[in-house]
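First comes the structure, then the notes that go with it.
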Amino acid sequence: MESFLLQATIYLGAAVIAVPLAARLGLGSVLGYLLAGIVIGPVAGLVGTESQDIQHFAEFGVVMMLFLIGLELEPRALWDMRKRLIGLGGLQVVLTMLAVMGVSMALGYDWGTSLAVGMIFALSSTAIVLQTLTEKKLMQTGGGRSTFSVLLTQDIAVIPMLALLPLLATPVFLTLAPDGSLHRASQDTHDTHGAISLVDGLPGWGVTLVTLGAVIAIILAGIFLIRPLFRYIHHARLREMYTALALLLVVSIAVLMGMVGLSPALGTFLAGVVLANSEFRHELESDLEPFKGLLLGLFFITVGAGINFDLLFGDPFYILALTFGVMTIKGIILYGLGRLFKLKGKDQWLFTLGLAQAGEFGFVLISFSSQQGVLNDGLAGQLLLVIALSMLITPLLFILYDLLSRQMVDADTPEHDEVNEQGTVIIAGIGRFGQIVNRLVQSAGFKTVIIDSNLQTVQMMRKFGFRGFFGDPTRPDLLSAAGFDDARVLVVAIDDKASATKLVAYARKARPDLHIVARARDRVHVYELYDAGANDIVREMFDSSLRAGRYALENLGLTEFEAAEAEQTFYHHDRAAMRELAELWKPGVPVADLPDYVARSRELNNDLETALAARQQANENKKS
């Protein structure tokens with residue numbers, strides 16, 4: 001027991017040190033876990049024989065991951081994405097699997113082993129790619145959406161892969177007795193830890209009936225049993241009971257699947273899909289997410305610790321050739337599919353380079369294939385090393401994408417509209433903020449010209465009868481065509497802070513007499529716009545926050561007049577303070593690092609509190 005705890009301490013300590021460091025370096029948490037495992041395993045040799053026990057424990061994180069993936073996949077959302085999932089994602093999985101299978105057979109492996117290798121390398125790293133797309137704000141691009149669709153298809157494809165892998169070992173590991181019952185030969189060589197089986201000794205038709213019965217039981221329980229259970233737990237008013245029930249669901253489903261000879265991941269994924277529309281979905285996600293993250297982290301550490309670097313150093317050219325060969329095959333297929341589905345420019349390269357690596361589910365398939373006897377230990381070790389190396393190379397591929405994207409323009413970006421109208425007011429940006437400004441100004445009888453770089457927003461406006469032009473509002477030629485030389489007011493409502501500041505600076509330089517109204521994202525952005533020359537600056541959340549504060553004061557006992565008076569006092573004081581603090585602000589320096597700014601800000605805040613207290617006391621004196 002003490003030895004197991006020591007090993008667990010080493011694993012957790014390595015994770016706590018390595019993962020934050022990897023995140024700071026932009027490598028991602030999965031690579032951090034892998035590197036931590038490499039350090040405590042092949043490098044330092046700190047893991048012992050108990051690592052196998054920890055790995056069995058950590059593999060349960062994969063089961064939880066698939067349950068949570070199922071919770072995210074509402075049947076209606078899957079139906080809406082069917083073209084990309086079945087077309088783009090399905091073709092990627094099938095073509096990559098067949099291509100790698102063909103190369104593997106050419107290298108001398110039998111068809112069953114080659115098919116398993118093809119399935120393993122058909123998958124990409126969901127954890128690394130999604131995290132990188134989110135960090136780089138690429139998820140909403142055409143390439144990002146296509147990449148996400150393929151990753152989702154791959155996650156779903158893991159389920160039939162796990163179900164298919166045991167069949168590849170049928171000639172050796174499954175035997176049919178004369179009475180028609182099935183016997184699993186692997187039970188003699190693989191310890192089942194005393195697990196109870198519901199299918200051993202049954203005839204083939206009996207195994208089928210029991211297996212189908214288990215699947216139907218999970219579906220019916222998800223529909224009819226989970227809601228009453230959660231309501232029963234809710235009356236206990238104990239937060240930990242929700243967590244206990246969430247764990248009970250996953251563990252019991254995994255046990256049932258194991259008893260009928262199916263993958264636990266298959267059952268939990270199915271249960272997750274059934275519960276995707278449940279009102280308790282978010283409760284389940286929040287309860288299981290920490291356990292899933294920790295157990296998956298331990299799983300990746302055990303994978304890193306188990307990588308046989310003797311294979312790499314023994315024949316580095318062969319292993320590296322395999323790694324780059326797999327990534328090249330996947331890249332060629334991805335590039336071809338991208339062209340087939342009309343991806344161009346940056347989107348094409350993001351799609352190709354982003355999915356070229358192997359993924360973490362490959363570790364799961366390798367482990368499962370080894371247990372089923374589909375892969376021998378030597379080949380499994382080589383495949384583990386190839387997956388790990390491809391994942392380590394992935395950050396370099398995204399750096400390559402960044403370099404390529406700077407040198408090209410999105411080929412699928414529509415041409416900007418020709419602006420053929422001029423108005424008294426030019427509105428740059430027509431999101432939620434700009435729309436209200438436009439409606440108010442137009443309703444007062446003034447002509448506006450709208451320019452926005454979001455084509456979907458412009459098209460939506462046109463459906464509601466508002467004319468707008470698609471284009472970059474920071475371009476001088478578009479501004480000029482919109483009547484910039486004669487306009488009286490420019491409203492800057494662009495989402496991007498840097499673009500908004502750039503537009504204000506240009507407009508002030510080109511038209512010193514122009515009145516500029518600009519939207520600011522935050523306090524520092526106010527100072528930037530003030531420095532650039534804006535006349536009126538509106539913080540996007542300021543007025544709505546004041547109104548919410550006034551409502552709160554009214555419900556705390558103040559009259560409507562007193563609450564409105566406090567609101568106006570705060571409004572005028574804050575605007576005056578902003579102008580004064582803007583003179584103390586310095587570009588590029590955090591406000592917390594400006595001593596004069598901090599000191600004056602504290603003084604102004606004290607003045608505000610004094611003014612509000614004095615006004616409140618005056619109101620109370622009037623009442624008395």
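What's counted below: heavy atoms across the whole structure, side chains too, no hydrogens, waters or symmetry copies. As the structure is a prediction and not an experimental result, all values here were calculated from the model.
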Do [X] and [Y] make a side-chain contact, defined as non-hydrogen atoms from C-beta onward lying under 4.5 Å apart?
X	Y	answer
L385	L322	no
Q154	V150	yes
F341	D347	no
Y401	T352	no
L343	S146	yes
L384	F363	yes
Q382	I319	yes
I387	V326	no

Say whether, by atom type as modelled, one donor and one acceptor occur between the side chain of [X] and the main chain of [Y] under 3.5 angstrom.
X	Y	answer
T96	V93	no
T113	Y109	no
S390	A358	yes
Q92	G87	no

Rounded to the nearest 0.5 Å, what separates atom [atom1] in [X] from atom [atom2] in [Y]?
X	Y	atom1	atom2	answer
W349	L400	CH2	CG	8.0 Å
S114	L98	OG	CG	11.5 Å
L350	Q348	CG	CD	10.5 Å
I17	I40	CD1	CD1	10.5 Å
S149	I86	OG	CD1	11.5 Å
L95	I329	CG	CD1	12.5 Å

Chi angles and distances behind the side chain to side chain contact (heavy atoms under 4.5 Å, CB included) call for V117, M101:
CA-CA 7 Å; V117 175; M101 178 183 176; over 6 Å; no
- [ ] Kindly indicate, with the supporting measurements, whether the criterion side chain to side chain contact (heavy atoms under 4.5 Å, CB included) is fulfilled by I120 and L375.
- [x] CA-CA 11 Å; I120 290 168; L375 302 177; 3.9 Å; yes
- Show your reasoning for whether side chain to side chain contact (heavy atoms under 4.5 Å, CB included) applies to L164 and M119. CA-CA 10 Å; L164 178 62; M119 288 190 289; 4.0 Å; yes
Worksheet item: Quick check: are there more than 12 heavy atoms from other residues, nucleotides or ligands sitting under 6.0 Å from CG of D377?
Response: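 Atom CG in D377 is not packed in, count stays at 12 or less.
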What heavy-atom pair brings [X] and [Y] nearest, and what distance separates the two atoms?
X	Y	result
G354	V129	O-CG2, 3.1 Å
D110	G112	OD1-N, 3.0 Å
L397	A356	CD1-CB, 4.2 Å
G359	M391	C-SD, 4.3 Å

Applying side chain to side chain contact (heavy atoms under 4.5 Å, CB included), run through R145 and F351 and close with a yes or a no. CA-CA 9 Å; R145 290 192 296 270; F351 180 72; over 6 Å; no
**Prompt:** Under the criterion side-chain contact (heavy atoms from CB on, under 4.5 Å), which of L353, L355, L88 is the partner of T147?
**Reply:**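 Exactly one pass, corresponding to L355.
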For residues 330-339, tabulate all N or O donor-acceptor pairs below 3.5 Å that involve a side-chain atom, not counting sequence neighbours.
{"from": "K330", "atom 1": "NZ", "to": "F121", "atom 2": "O", "distance (Å)": "3.2"}
{"from": "K330", "atom 1": "NZ", "to": "L123", "atom 2": "O", "distance (Å)": "2.8"}
{"from": "K330", "atom 1": "NZ", "to": "S124", "atom 2": "OG", "distance (Å)": "3.0"}
{"from": "K330", "atom 1": "NZ", "to": "Q357", "atom 2": "O", "distance (Å)": "2.7"}

